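What you see is a predicted model, and the numbers here were worked out from it, not measured in a lab.
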Amino acid sequence: MAHQTHPFHMVDPSPWPLTGAIAALLMTAGLALWFHHGKTLVLSAGMVVLLLTMLQWWRDVTREATFQGHHTNKVQKGLRYGMVLFITSEVFFFLGFFWAFYHSSLAPTPDLGGQWPPAGITPLNPMEVPLLNTAVLLASGVTVTWAHHAIMSDSRTDAIAALSMTALLGLYFTALQMMEYYEAPFTISDGVYGSTFFVATGFHGLHVIIGSSFLLVCLLRQLNYHFTTSHHFGFEAAAWYWHFVDVVWLFLYISIYWWGS
């Protein structure tokens, strides 16, 4: 192997972008088949390919960062810029949903009965499950910050406990939102209120599931001694993402659940 005289990571060829694209195609086609024909074989195959891709791609990145020494300070700086740009793109992703919500709610048309919530819609009580979910996510923001400080101070036991609590709070939030969806007195097909509510809160719920998976992977890595006090960007990225999820929920709660009701 040639001697490397630069701090950058020349990534080896990888099959995982291709298998990830195949998984996305299978899941998209599978969802359409499930919705229209009730067939789940293609969707199941897509989910299996996606899960295998995730596990093996994460395994390779962990090897590069932890055991092969490819994540130099220069590489970590690039990863930080990449994560900041990714979260920025996510901000604009949710901005579109808020734009749609306020476009309809601030000036309701005669089709909506000239009022918001629209005529015939019974909104959810913001002081019940939504308020509990807000408390759960705010608590998880505290525990993920505790985990960060524990890793930086080389307190392994505290870091494991805090990461475990954060992941459990994320899963609890998801369970509460599933219950809320099941008992909601309106559906996604109930006009602009139903579509903006379920699309905005549903995509946020998907981000909570992704963030919980991110944190569980960090917990597994912490259990295997992968993080040090100065080399733990994998966890930092997860923490940034989780704080973004928290902030988006606060805007959702204030806008859609509280003001919008």
With hydrophobic residues grouped by side-chain heavy-atom distances under 4.5 Å, do [X] and [Y] end up in a single group?
X      : Y      : result
Tyr253 : Phe198 : yes
Phe203 : Trp249 : yes
Phe93  : Ile256 : yes

Give a yes or no on whether the ring-centroid distance for [X] and [Y] is below 6.0 angstrom.
X      : Y      : result
Trp99  : Phe94  : no
Phe101 : Phe197 : no
Trp240 : Phe86  : no
His71  : Phe233 : no
Phe214 : Trp58  : no

Trace of the ring-ring contact (aromatic ring centres under 6.0 Å, His included) decision for His232 with His226: CA-CA 8 Å; His232 53 263; His226 289 181; over 10 Å; no
CH2/Trp258: more than 12 non-hydrogen atoms of other groups inside 6.0 Å: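 Atom CH2 in Trp258 is not packed in, count stays at 12 or less.
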Residue Met127 excluded, over 12 heavy atoms near CE under 6.0 Å: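 Yes.
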Side chains of [X] and [Y]: closer than 4.5 Å at any heavy-atom pair?
X      : Y      : result
Thr19  : Leu52  : no
Leu252 : Val248 : yes
Leu250 : Thr134 : yes
Met83  : Glu236 : no

Check whether [X] reaches the backbone of [Y] with its side chain - one donor and one acceptor, N or O, closer than 3.5 Å.
X      : Y      : result
Arg221 : Gly234 : no
Tyr81  : Gln76  : no
Gln222 : Cys218 : no
Asp190 : Thr187 : yes
Thr228 : His231 : yes
Ser155 : Ile151 : no
Thr72  : Pro7   : yes
Asn224 : Leu220 : yes
His6   : Phe8   : yes

Interatomic spacing from CD1 in Ile210 to CG in Leu215 - rounded to 0.5 Å: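 So the CD1 of Ile210 and the CG of Leu215 are separated by 12.0 Å.
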Test ring-ring contact (aromatic ring centres under 6.0 Å, His included) applied to His103 and Phe98, step by step: CA-CA 8 Å; His103 172 79; Phe98 285 108; over 10 Å; no
Between Trp242 and Ser140, a side-chain donor and acceptor under 3.5 Å: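 Ser140 and Trp242 do have a side-chain donor-acceptor pair below 3.5 Å.
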Nearest heavy-atom neighbours spanning Tyr193 and Pro123: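 It is OH-CB, 3.4 Å.
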